[in-house]
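Input: a single structure, listed below in structure tokens.
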Amino acid sequence: MLDTRYDPRAVEGKIYELWEKSGYFNPDNLPARKTKNLKLKTSAKGGSPPKADAPREHASGGKNFIVYMPLPNVTGSLHMGHALDNVTPDILIRYKRMKGFRTLWLPGTDHAGIATQYVVEKQLKKEGTSRFDLGREKFIARVWEWKKEYGGKILEQLKKLGVSADWSRARFTMDPAYAADVMKAFIHYHKKGWIYRGFRTVNWCPRCGTSLSELELEYREEKTTLYYMKYGPFTLATTRPETKFGDTALAVNPKDARYKRYIGQTLEADSLATDGSLDVPRLKKVKLLVIGDEAVDMAFGTGVVKVTPAHDLVDFEMGVRHKLPTVQVIDERGRMNERVGKYAGMKTSDARKKVAEDMRATGLMVKEEPYDHRVAVCYRCGTIIEPIPSQQWFLKMEKLAEAALAAVKTKKVTITPKNFERPYRDWLTSIRDWTISRQIWWGHQLPVFFCRKKLEAISNNQFLISKQKGERFVVALERPQTCPFCKHCDMEQSPDVLDTWFSSALWPFAGLSEEDKKKYYPGDLVSNAREILNLWDARMIFSGLEFMGKVPFKNILIHGTVLTKEGKRMSKSLGTGADPLEYIEQFGADATRFAVVWQATGQDIRWDEAAAVAGKKFCNKLWNAARFVITHTPAEVFMAKACPRGGTAADKAILKKLAAVAAHTEKHIQMFAFSKALRGLYDFFWHEFCDVYVEQSKKQLADVKLKKGTEAVLAHVLISSLKLLHPFLPFVTEEIYQKLPRRAAGGLLIIVPW
RNA sequence: GCGCCCUUAGCUCAGUGGUAGAGCGUUGCAUUCACAUUGCAAAGGCCGCUGGUUCGAUCCCAGCAGGGCGCACCA
């Protein structure tokens with residue numbers, strides 16, 4: 001009857017289809033009527049339904065159990081990180097579903113502003129065109145096309161892993177309903193006075209043409225030069241001499257005995273002239289204020305720094321503290337601007353060389369030494385970040401951060417493992433206002449409409465911050481019919497879009513129908529990698545509190561990172577990534593899940609293929625043990641009520657061990673110690689049930705007196721094991737369950753109670 | 001700089017205050033009896049180093065060394 005080998009490829013697609021058709025992934029389909037159907041089936045031939053398998057009153061009275069899927073990017077393709085994100089919550093969901101909870105595993109995809117725009121731009125480049133050729137509207141249409149074609153891929157891949165999410169509720173962060181909630185959130189914050197607009201030096205990617213948050217930066221080691229230059233009475237060290245034209249002060253530490261006496265003085269210093277010929281460097285006098293600021297490290301260089309508020313984030317903050325002017329000398333393309341005369345138009349890297357050369361020639365350069373520098377680069381394209389001042393929208397974080405802090409402090413939200421509470425706290429306590437605007441096209445365009453008249457007046461934002469003119473704008477869900485300011489312009493919508501995280505922060509509720517918002521908020525759990533803790537989890541917490549009045553989930557599960565066997569970060573480009581789809585193909589989805597859970601003991605995982613081998617063998621063991629039990633046990637035994645009692649010493653021993661492993665499994669699932677739970681089940685099934693009891697049963701089955709009792713125990717332990725293992729190995733357990741004599745099987749294993 | 005984590009069998013990792021376990025690999029034996037993706041057996045470990053607490057430490061404490069990570073900074 002059953003093949004001697006378990007073949008996942010022949011089973012998984014079919015089983016998944018069975019589940020999807022059942023509708024049980026949708027909590028709305030888990031109520032009593034399904035229960036009735038099952039009862040009809042099991043009682044059709046008379047006799048009472050097997051107690052252990054009788055579905056209990058499901059969702060009707062059941063409690064909710066809701067997991068929010070960590071949003072994969074639409075550009076994403078399944079990798080081990082997703083496997084980690086999704087396997088353990090799926091275990092919980094399946095466990096809770098079987099326990100009678102109304103389970104909702106809420107899936108979706110993130111529009112991933114920069115990432116997606118980047119992918120489509122690359123496509124356009126291949127075609128010899130660009131987004132600028134297309135224009136905004138056509139470009140966005142193009143991205144939507146791309147999304148239609150590829151955006152669902154990642155979700156399909158998750159299905160291959162056996163993820164039992166409610167696909168009927170799958171959302172995309174740019175869906176109209178979702179977008180509407182994003183707009184409402186912006187307007188809500190605006191009404192509270194928490195949104196403001198301001199000039200600020202931000203991390204700017206000259207290639208992507210957008211500002212980036214600190215969390216979107218990556219760092220690269222570079223061998224550069226530390227230049228020691230003369231500035232009036234001082235010598236100071238800098239890696240960026242080309243920004244000297246934007247210097248508006250010199251700073252020393254107020255405790256520094258060497259320089260204390262200069263603080264507050266305005267000094268005259270020689271600097272490079274920016275007029276005349278590039279070939280003939282000349283000097284000119286500049287005046288600079290000396291300030292005292294704690295941010296200056298006395299031990300670095302000479303203890304004096306030049307302050308360039310326009311092109312350095314720390315300097316910008318010093319500038320704010322000391323009311324320094326901001327002089328921009330680098331533009332959005334990463335080139336020197338017209339303020340620097342003869343250096344204008346040069347790329348910063350070229351300007352650096354040229355300025356250094358001119359300083360040598362004019363005697364301003366004291367010395368140069370090699371320097372290992374970590375430069376910030378764009379996480380998308382690797383381009384070196386240029387801090388430049390630009391006009392951005394900010395969200396005040398004070399109150400929101402307070403609320404998010406309190407949520408964890410009062411244990412409304414628990415972070416597992418506990419030691420991640422500290423980075424969470426640290427981030428929130430030292431938080432800066434959130435730069436929520438991005439200068440890209442793909443995303444939620446700000447619901448801000450400017451009067452065109454006023455806009456012109458401030459169109460030049462190249463110069464001093466003090467010259468910025470106020471402007472008039474309306475924040476509204478829809479474009480106003482008439483401009484409330486000039487009464488005749490059609491108003492221009494801000495070209496900026498919101499930071500992608502602004503919209504994903506609303507994930508637990510945005511885009512849900514009003515009914516669902518009532519029914520399925522708040523939820524229970526998110527599970528993700530540690531780097532997402534502040535980027536996403538913290539923001540979901542304060543957004544949930546702000547808009548729904550309750551924390552969105554009780555638990556944050558932080559899982560380890562999957563590394564290569566050598567302990568290196570996996571990288572697709574280096575070909576060192578383990579691809580879950582390949583594992584599914586080679587070993588099966590269950591074996592892949594097994595490998596993930598087996599190894600996910602809390603630490604980072606050095607991925608070892610051996611675990612997938614073990615998983616595959618275990619599935620096969622399960623399969624063959626089931627074969628043995630089915631062929632040696634008459635159909636009616638599977639319908640036996642409840643747990644067999646009494647019997648031989650071996651019977652009693654295995655039943656006792658079954659009870660113990662069931663308790664062990666349940667305890668560890670509840671503690672989120674999935675690996676322990678699985679290992680316990682593995683040992684029990686293989687080494688207790690197969691190695692000991694099944695062998696013993698062969699003798700007992702030959703004994704007429706013991707035959708019946710032995711059959712009952714075999715059937716009972718098998719069915720129980722299938723249930724216990726189902727959350728971990730859903731496909732093979734369901735397939736075996738379907739092969740059991742019909743009346744015992746009833747419907748689907750996924751809703752059979754433990 | 002602040003903080004977190006790791007160091008146990010060839011490899012990847014569990015684990016406990018009383019002188020160690022799994023998976024994979026290796027070696028030997030066993031194939032009509034559910035499964036060779038199997039069974040049985042075996043080899044293989046100063047449980048990173050030093051000191052302390054203890055009757056006793058792989059486990060607790062301190063220090064050191066090596067490795068990894070997060071945050072901040074990087075003029």
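In what follows, chains are A, B, ... by sequence order, proteins preceding strands, each numbered from 1.
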[X] near the nucleic acid: base, sugar-phosphate alone, or nothing, with a heavy-atom cut-off under 4.0 Å?
| X | value |
| --- | --- |
| Val304(A) | nothing |
| Tyr371(A) | sugar-phosphate |
| His311(A) | nothing |

In whole angstrom, give the distance that lies between atom [atom1] of [X] and atom [atom2] of [N].
| X | N | atom1 | atom2 | result |
| --- | --- | --- | --- | --- |
| Asp297(A) | A72(B) | CG | C1' | 13 Å |
| Phe594(A) | G23(B) | CZ | P | 10 Å |
| Phe587(A) | G23(B) | CZ | C1' | 13 Å |
| Leu678(A) | G23(B) | CG | P | 13 Å |
| Asn203(A) | C74(B) | CG | P | 11 Å |
| Asn534(A) | C71(B) | CG | P | 8 Å |
| Leu428(A) | A72(B) | CG | C1' | 15 Å |
| Ile556(A) | G70(B) | CD1 | P | 18 Å |

Provide the distance between the two [atom1] atoms, one in [N] and one in [M], to the nearest whole Å.
| N | M | atom1 | answer |
| --- | --- | --- | --- |
| G25(B) | A36(B) | P | 16 Å |
| U7(B) | C64(B) | C1' | 14 Å |
| U31(B) | U38(B) | C1' | 9 Å |
| U8(B) | G3(B) | P | 26 Å |
| C47(B) | A30(B) | C1' | 35 Å |
| G68(B) | C74(B) | P | 24 Å |
| G44(B) | A20(B) | P | 14 Å |
| C59(B) | C2(B) | P | 27 Å |

Test item: side-chain donor near acceptor, [X] and [Y], under 3.5 Å:
| X | Y | result |
| --- | --- | --- |
| Asp579(A) | His79(A) | no |
| Glu369(A) | Tyr227(A) | no |
| Asn528(A) | Trp536(A) | no |

Less than 6.0 angstrom separating the ring centers of [X] and [Y], yes or no?
| X | Y | value |
| --- | --- | --- |
| Trp607(A) | Tyr583(A) | yes |
| Tyr262(A) | Phe234(A) | yes |
| Phe594(A) | Phe728(A) | no |
| Phe245(A) | Tyr343(A) | yes |

Task: Approximate separation, where rounding is to 0.5 Å, of Thr348(A) OG1 and Ile330(A) CD1 - done: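 Reported value, rounded in 0.5 Å steps: 5.5 Å.
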
Task: Inter-residue atom distance Lys723(A).NZ - Leu725(A).CG, 0.5 Å rounding - done: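 So the gap between those two atoms works out to 12.5 Å.
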
Task: Passing option when Glu368(A) is tested against Arg352(A), Arg360(A), Lys353(A) for salt bridge (charged side-chain N to carboxylate O under 4.0 Å, His left out) - done: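 The passing option is Arg360(A).
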
TODO: Can you run through RNA chain B from 5' to 3' and write each base as (, ), [, ], | or . depending on how it pairs? Watson-Crick or G-U wobble, both distances under 3.5 Å.
DONE: (((((((..((((.......)))).(((((.......))))).....(((((.......))))))))))))....

- [ ] If a protein heavy atom is under 4.0 Å from the base, mark B; if only from the sugar-phosphate, S; if neither, -; do that for nucleotides 25-34 of chain B going 5' to 3'.
- [x] S--------B

- [ ] Sugar-phosphate means primed atoms, P, OP1 and OP2; the rest is base. With that split, encode nucleotides 1-16 of chain B 5' to 3' as B, S or - using protein heavy atoms under 4.0 Å.
- [x] -SSSSS----SSSSS-

Task: Non-hydrogen atoms of Thr238(A) and Met229(A) that approach each other most closely - done: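 Heavy atoms only, the tightest pair is CG2-SD, 3.5 Å.
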
Task: Given RNA chain B, 5'-ward residue of the pair Tyr227(A) and Trp686(A), judged by closest heavy atom - done: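 Residue closer to the 5' terminus by nearest nucleotide: Trp686(A).
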
Task: Nearest-nucleotide 5' precedence on RNA chain B, Leu563(A) against Arg240(A) - done: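 The 5'-side residue here is Leu563(A).
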
TODO: Determine the interplanar angle of the Phe672(A) and Phe674(A) rings, folded into 0 to 90°, and report it as parallel if under 30°, tilted if 30 to 60°, perpendicular if over 60°.
DONE: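 Judged by the thresholds at 30° and 60°, the geometry between Phe672(A) and Phe674(A) is tilted.
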
TODO: For the pair Tyr6(A) and Trp623(A), name the ring-plane relationship: parallel under 30°, tilted 30 to 60°, perpendicular over 60°.
DONE: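 Plane angle between 30° and 60°, so tilted.
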
